[in-house]
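To keep things clear, I will list the structure first and then write my remarks on it.
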Amino acid sequence: MSPLSIWALAFGAIIGWGAFIMPGLRFLPGSGPIGACIGFVCGGLLLMFIAVSYGKVVGLYPVAGGVFAFAYAAFGPGLAFVGGWALLLGYLCIIALNGTAIVLLTRFLIPGVLELGYMYSIAEWKIYFGEQCCPVKHP
């Protein structure tokens with residue numbers, strides 16, 4: 001793989017496709033371009049606090065292990081255990097979230113291809129066999 005391919009893979013794994021799809025589908029129609037820009041700027045400023053905090057912690061505890069090692073050094077083994085499990089469960093949830101995102105992306109790129117075998121409806125969401133892991137709302 002080329003360095004550009006590795007960078008693109010890492011960027012896609014970190015950011016995800018929702019950062020590019022959600023503004024056009026959710027933010028712009030509801031708040032307009034100025035409201036969406038204000039929201040992105042506010043979110044970016046809040047994330048800067050997290051980035052600065054990580055920078056400080058990495059400087060204080062230059063060890064391998066990431067968040068678990070930082071929690072262990074700062075709070076001890078008990079809270080590091082809880083934090084480590086929370087991090088693991090968060091990562092596992094992201095796998096399921098990305099799995100359903102593939103179905104949504106397929107629905108937008110190739111409409112109707114997965115809508116085979118109507119199964120049932122829940123709260124006006126039609127569930128099809130082809131996309132059973134991800135309910136699709138139809139107008």
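- The same ILVMFWY cluster, assembled from side-chain heavy atoms under 4.5 Å apart, contains both V67 and L47.
- The closest donor-acceptor contact from the side chain of S53 to the backbone of F49 lies under 3.5 Å.
- Closest approach of A74 and Y61 over heavy atoms only: CA-OH, 4.1 Å.
- In terms of hydrophobic clustering, with Ile, Leu, Val, Met, Phe, Trp and Tyr side chains grouped at heavy-atom distances under 4.5 Å, V52 and V57 are assigned to different clusters.
- More than 12 heavy atoms of other residues, nucleotides or ligands sit less than 6.0 Å from atom OH of Y118.
- Counted within 6.0 Å of CD1 on I6, heavy atoms from surrounding residues, nucleotides or ligands total more than 12; the atom is thus considered enclosed.
- For M1, the CE atom sits in a packed shell: over 12 heavy atoms of surrounding residues, nucleotides or ligands are nearer than 6.0 Å.
- Linking ILVMFWY residues whenever their side-chain heavy atoms come closer than 4.5 Å, directly or via other members, leaves L46 and F40 in distinct clusters.
- Scored by the side chain to side chain donor-acceptor pair (under 3.5 Å) test, S31 finds no partners at all (sequence neighbours excluded).
- Here Y54 contributes atom OH and I50 contributes atom CD1; the two are 8.0 Å apart, rounded to the nearest 0.5 Å.
- The shortest non-hydrogen separation linking A69 to A64 is CB-O, 3.6 Å.
- Taken together through direct or relayed side-chain contacts under 4.5 Å among Ile, Leu, Val, Met, Phe, Trp and Tyr, F81 and L88 form part of one hydrophobic cluster.
- The shortest side-chain heavy-atom distance between L60 and F70 does not fall under the 4.5 Å cut-off.
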